[in-house]
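So the structure is just underneath, and the comments pick up after that.
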Amino acid sequence: MQLVEKNYIKNTELEPEQAEQAGAVQLARIYRQLGTEVEGCFVVHCGNDCYVCDRSCNDDNCGIQDSGTHWQ
Amino acid sequence: MSRKLDITLKPVGDGCNLQCSHCFVAGEPQKIKLMTAKTLHNVLEKASEYASTVNVTWHGGEPLLAGIDFWKEAVKIEKALPSRFSNSVQSNLTLLDDEWAVFFRDYYVSVGTSCDGVEQIHDAYRTYGDGRGSFVQVVAGIELLRSYGLEDQLGVIACYTKFMQGRLLEVYEAMKGLDLRWRINPMIKSGRGDDATNQLATSAVDYGREFCDMVDVYLFDPDTHVIKTIDNYVERLVTSARKEKAGVRSETGCQDHGVAIDNEGNCYPCGRFTADEESSMGNINEDSFDDIMSSPLKTRIKERAYGAGDGCDECEYFQACLGGCAHDALLYSGDILGKDHICAAHQIIYSHISELLNKIKGE
């Protein structure tokens, strides 16, 4: 299925420092957790795997998952 | 093999010692029936045959009703298998004691509970059968877990109902006061909550608008205080864009590696479907996970991740939400590819966060 390309797709990147300067402290934290791209991989993200390339996260303490009916 | 599997395991089915009026299942104390040892073995052994990484989320009803010996047997089986297992639990914590807390600490079990932060709101619907509220017991359980050093393994879910409507920022401050990491779900028309929908549930639009008020406070709050639901909305906006740029498609748990298993061994796409026998994808005592995970129902739900849900092909936020909740769609439209009734809230929230990002960037 071919989806229409939307503007939001291009406009979500933000430097954490930009968010901090605007006073959006939590937003800066979230962007830092999302990581910076290194050769197509975002391994800093606090999930089990990089959400782009599936490489395992390098943080042994991470593992907080996203789900609706349970916290983890 | 590098496959992973997320199992929502219901060792006592919908059985529960509480009778919360908004609950998406309809568990009652008299409905408690423990999973057999044979079924437990089949779940874990077949999971290990299927996947190298297995996350087991113990759910219910109230999973502590299974008794600690059942849990000890489970981790013993897991340790003898070649796959990497991890365990988490969603519990109301009212049955928690020192022995459970030590067990959760020693076996690295992540603990989720349900709490609405404000006692009056919480006790309006999170009650025992005699009508007593459970807030005091839940908070005592949280404190007990903290006393054993489990604060980093602990999170809380709140539920948005009419009792919370207009008071979400009060809940926000209460959660900060309790120093809790939390997420919030709107109430759904399922289980006991089906009967209470008119009395307790709000519209998706009302939920979305009040949620945005909290987004504005939270993202600019200098204090560290994590609301996973808001973090997830931001993360999905950003990661969906990054995935598209990288040419990567993804699916949510129920669409891909998630499965819920009740105390009889019946398998469902996720924990929300377990009240609907027609949504069974097989039984773990008879079928393999290869068969279960490729069932026609699972395949149909997966179509939501590719834009088959009602209205998804024209939605600018589709790739962030991946079609929303199939169970919600089934409940409200009668069709698993229908519209998730929370869709209106998702659109309001994604739009609000997108505008906020643009404002910060000066665009």
Side-chain angles (χ1 to χ4, degrees), chain A residues 1-42 44-57 59-72, chain B residues 4 6 8 24 53 55 57 59 86 88 90 110-113 152 155-157 183 185 218-222 224-225 228 230-232 234-235 237-246 248 250 253 258 270-272 306-308 313-314 316-319 325 350 354 356-361 363:
Chain A
M1 181 172 292
Q2 184 63 46
L3 293 164
V4 179
E5 189 178 355
K6 300 291 184 181
N7 286 337
Y8 90 97
I9 292 290
K10 303 170 189 167
N11 291 333
T12 57
E13 293 299 338
L14 183 69
E15 293 297 327
E17 292 74 17
Q18 271 183 291
E20 268 174 347
Q21 283 168 11
V25 180
Q26 301 302 326
L27 195 59
R29 173 184 57 77
I30 296 167
Y31 270 84
R32 286 201 174 91
Q33 286 177 353
L34 284 169
T36 305
E37 184 174 6
V38 179
E39 297 176 352
C41 175
F42 296 85
V44 182
H45 177 56
C46 183
N48 279 340
D49 305 311
C50 167
Y51 44 81
V52 171
C53 73
D54 244 13
R55 204 158 95 193
S56 292
C57 178
D59 180 355
D60 288 340
N61 294 317
C62 93
I64 299 298
Q65 301 292 300
D66 170 34
S67 178
T69 59
H70 51 89
W71 164 256
Q72 297 80 12
Chain B
K4 72 174 179 179
D6 283 346
T8 300
F24 71 97
T53 303
N55 300 310
T57 299
H59 213 294
S86 61
S88 54
Q90 186 67 28
S110 306
V111 183
T113 191
D152 291 339
V156 162
I157 295 177
R183 62 166 52 254
N185 293 328
Y218 172 71
L219 291 180
F220 290 84
D221 193 331
T224 301
H225 163 226
K228 283 296 289 183
I230 298 178
D231 288 16
N232 290 159
V234 177
E235 287 165 3
L237 274 177
V238 177
T239 59
S240 63
R242 289 177 178 177
K243 283 177 181 174
E244 182 173 273
K245 182 183 162 206
V248 174
S250 62
C270 84
R272 288 190 176 184
Y306 295 87
D313 58 341
E314 295 177 344
E316 61 184 315
Y317 303 114
F318 161 70
Q319 291 188 55
C325 175
Y350 280 126
S354 294
L356 185 65
L357 294 179
N358 287 336
K359 197 181 288 182
I360 289 172
K361 289 189 293 186
E363 293 177 355

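What you see below is based on every heavy atom in this structure, not just the backbone, and it leaves out hydrogens, waters and symmetry mates. Everything numeric here is computed off the predicted structure, so don't read it as measured data. Each chain gets a letter, A, B and so on, in the order the sequences are listed, and its residues count up from 1.
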Atom of B:P222, atom of A:V25 and distance for their closest heavy-atom approach: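 Where B:P222 meets A:V25 most closely, the heavy atoms are CA-CG2, 4.1 Å.
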
Least distance between heavy atoms, A:A19 atom then B:I360 atom: CA-CG2, 4.2 Å

Set of residues satisfying side chain to side chain donor-acceptor pair (under 3.5 Å) with respect to B:N358, sequence neighbours excluded: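 Testing B:N358 for side chain to side chain donor-acceptor pair (under 3.5 Å), a comparison that skips the adjacent residues, returns none.
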
Distance (rounded to the nearest 0.5 Å) between A:L14 CG and B:L237 CG: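 With rounding to 0.5 Å, CG (A:L14) is 12.0 Å from CG (B:L237).
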
With A:E20 via salt bridge (charged side-chain N to carboxylate O under 4.0 Å, His left out) - residues at least two apart: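 Checked A:E20 against salt bridge (charged side-chain N to carboxylate O under 4.0 Å, His left out); matches are A:R32.
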
From CA spacing to verdict: salt bridge (Lys or Arg N to Asp or Glu O under 4.0 Å), B:K361, A:E13: CA-CA 9 Å; B:K361 289 189 293 186; A:E13 293 299 338; over 6 Å; no

Atom group of A:I30 that falls short of 4.5 Å from chain B, counting heavy atoms: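 Contact with chain B involves the side chain of A:I30 alone.
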
pair A:L27-B:L357: side-chain heavy atoms closer than 4.5 Å: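 Answer yes - side chains close enough.
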
B:V234 vs A:Q26 side-chain heavy atoms within contact, under 4.5 Å: no

